[in-house]
Amino acid sequence: MNGIDLSLATAVVVLLLATGAAAVARLGRLGHAPAVLVACLRAAAQLGAVSLIIVWAVERALAVTVFVLVMYGVASVTAGRRITSGPAAWWATVPIAAGTLPVLALLFGSGVVPPLGITLIPVAGILLGGCLTATALAGRRALDELAHRRGEVEAALSLGFSERDAALEICRPPAAQALVPALDQTGTVGLVTLPGAFVGMLLGGAGPLQAGVVQLVVLVALLAAEAVAVVVTIELAARGRFGGGQRPGAGPSGGARRANR
């Protein structure tokens, strides 16, 4: 089997890539140079620890469950922090669960994916990671639009729209763009990129056809999970759940409008 070995050359190349990315971010004044280095260091440490844990956990049902729940918790906290701050950030747990759980249930309940710890952990991780990104992007775009286009929300309210419907009219189109990366990844697979599941299966000794089937299942499942996560995130944003309980249009101008009716 051909693969990437743990060697001094590998370590040097990874170090060069990390420092190069940080240098580019600094020279380009992106403001993320320290974050690039921290992210790379965290990735190295976390992957090392996770590799050791997975070897022990995959044969123990309780350990697998705890591992998946920890991944879910981290994904939810990360997405929530990207969207907002305070207790409202915990609403990010809803779209991530809504996107991940039904897809996992279908994959494992149908027998398409064998119900083993060695398959549950990576598949759940892929789905949770995709829902994390989709939720964070959709939530952030939705809140930005509602803040920047507050006048349009008020205009829709004055035309008789409910607060939810007025907010949806403004935030749904921009927030829906959070699904574009998954659409592009699925639509260009094999033409532009060969994603990780496909390459991993080939490196593991599987045939190209089997690797292609696995990758197709992963991509379609990921797209379905992210679509659900984006829809639920937009709905929560329109209902004001990420705004600390303040409903769209509930500001001073909204209150004055209702008082003058």
Check: Once you round to the nearest 0.5 Å, how far does OG1 of T78 lie from CG of L128?
Finding: 11.0 Å
Next item on the list: Find out if a path of hydrophobic residues (ILVMFWY) with successive side-chain heavy-atom gaps under 4.5 Å connects F108 to I54.
Entry: yes
Item checked: Partners meeting side-chain hydrogen bond (donor to acceptor under 3.5 Å, both in side chains) with S162 (sequence neighbours left out) -> D165
Check: Are any non-hydrogen side-chain atoms of R241 and V94 less than 4.5 angstrom apart?
Finding: no
Notebook entry, point to check: How many angstroms lie between atom CG of L179 and atom CG of L137, to the nearest 0.5 angstrom?
Noted result: 10.5 Å
Next item on the list: Would you name the heavy atoms of T119 and P114 that are closest together and state the gap between them?
Entry: OG1-O, 2.6 Å
Checklist line | Side-chain heavy-atom pair T233, F242 within 4.5 angstrom cut-off | finding: yes
Margin query: Working to the nearest 0.5 angstrom, can you tell me the gap between E154 CD and E163 CD?
Written below: 9.0 Å
Checklist line | Partner residues of R29 under the side-chain hydrogen bond (donor to acceptor under 3.5 Å, both in side chains) criterion, sequence neighbours left out | finding: none
Margin query: Testing the basics here: between A224 and V103, what is the closest heavy-atom pair and its distance to 0.1 Å?
Written below: CB-CG2, 4.3 Å
Note to self: Surrounding CD of E59 (heavy atoms of other residues, nucleotides or ligands, distance under 6.0 Å), is the total greater than 12?
What the structure shows: no
Checklist line | Common cluster, V38/V74, ILVMFWY with side-chain heavy-atom separation under 4.5 Å | finding: no
Check: Any donor and acceptor pair, going by atom type alone, linking the side chain of T133 with main-chain N or O of G129 inside 3.5 Å?
Finding: yes
Notebook entry, point to check: Between E152 and I170, which heavy-atom pair has the shortest distance, and what is it?
Noted result: CB-CD1, 3.6 Å
Next item on the list: Report yes or no: do V220 and V214 belong to one cluster of Ile/Leu/Val/Met/Phe/Trp/Tyr joined by side chain heavy-atom distances under 4.5 Å?
Entry: no
Check: For the atom pair CG (L183) and CD (E226), what is the distance rounded to the nearest 0.5 Å?
Finding: 9.0 Å
Next item on the list: Please list, chain by chain and in numerical order, all residues satisfying salt bridge (Lys or Arg N to Asp or Glu O under 4.0 Å) with R82, sequence neighbours excluded.
Entry: none
Note to self: Take a 6.0 Å sphere around CG of L16 and say whether it holds more than 12 heavy atoms from other residues, nucleotides or ligands.
What the structure shows: yes
Next item on the list: Find out if a path of hydrophobic residues (ILVMFWY) with successive side-chain heavy-atom gaps under 4.5 Å connects I96 to L120.
Entry: yes
Item checked: Approximate separation, where rounding is to 0.5 Å, of Q185 CD and L223 CG -> 9.5 Å
Check: For I126, which of T100, I121, V218 qualifies under side-chain contact (heavy atoms from CB on, under 4.5 Å)?
Finding: V218
Note to self: Using side-chain heavy atoms (C-beta onward) and a distance below 4.5 Å, is V36 in contact with T19?
What the structure shows: no
Notebook entry, point to check: At what distance, to the nearest 0.5 angstrom, does CG of L37 lie from CZ of R42?
Noted result: 13.5 Å
Notebook entry, point to check: Does T135 use its side chain to pair, donor to acceptor, with the backbone of A92 at less than 3.5 Å?
Noted result: no
Notebook entry, point to check: Backbone N or O of T93 within a donor-acceptor pair of the Y72 side chain at under 3.5 Å?
Noted result: yes
Notebook entry, point to check: Of all heavy-atom pairs between A98 and V232, which one has the smallest distance, and what is that distance?
Noted result: CB-CG2, 4.0 Å
Next item on the list: Give a yes or no on whether a salt bridge exists between E235 and R164, defined as a side-chain N under 4.0 angstrom from a carboxylate O.
Entry: yes
Notebook entry, point to check: Considering all heavy atoms of both residues, which atom of A237 and which atom of A142 are nearest to each other, and what is their separation?
Noted result: CB-CB, 3.7 Å
Next item on the list: Hey, could you give me each pair passing salt bridge (charged side-chain N to carboxylate O under 4.0 Å, His left out) that has a residue in residues 121-140? Not counting sequence neighbours.
Entry: R140-D144
Check: For V230 and A176, which heavy atoms make the closest approach, and how far apart are they?
Finding: CG1-CA, 4.2 Å
Next item on the list: Please identify each residue that fulfils side-chain hydrogen bond (donor to acceptor under 3.5 Å, both in side chains) with R172, with sequence neighbours left out.
Entry: none
Notebook entry, point to check: For R60, does the CZ atom have more than 12 heavy-atom neighbours from other residues, nucleotides or ligands under 6.0 Å away?
Noted result: yes
Next item on the list: Flag the pair L168 / F161 as yes when at least one side-chain heavy-atom distance between them is below 4.5 Å, and no otherwise.
Entry: no
Next item on the list: Flag yes if L236 and W90 sit in one hydrophobic cluster, no otherwise; membership is Ile, Leu, Val, Met, Phe, Trp, Tyr, and two members link when side-chain heavy atoms are under 4.5 Å apart.
Entry: no
Notebook entry, point to check: Quick one: side-chain hydrogen bond (donor to acceptor under 3.5 Å, both in side chains) partners of Q177, sequence neighbours excluded?
Noted result: none
Check: So do P102 and V228 actually touch side chain to side chain, heavy atoms under 4.5 Å?
Finding: no
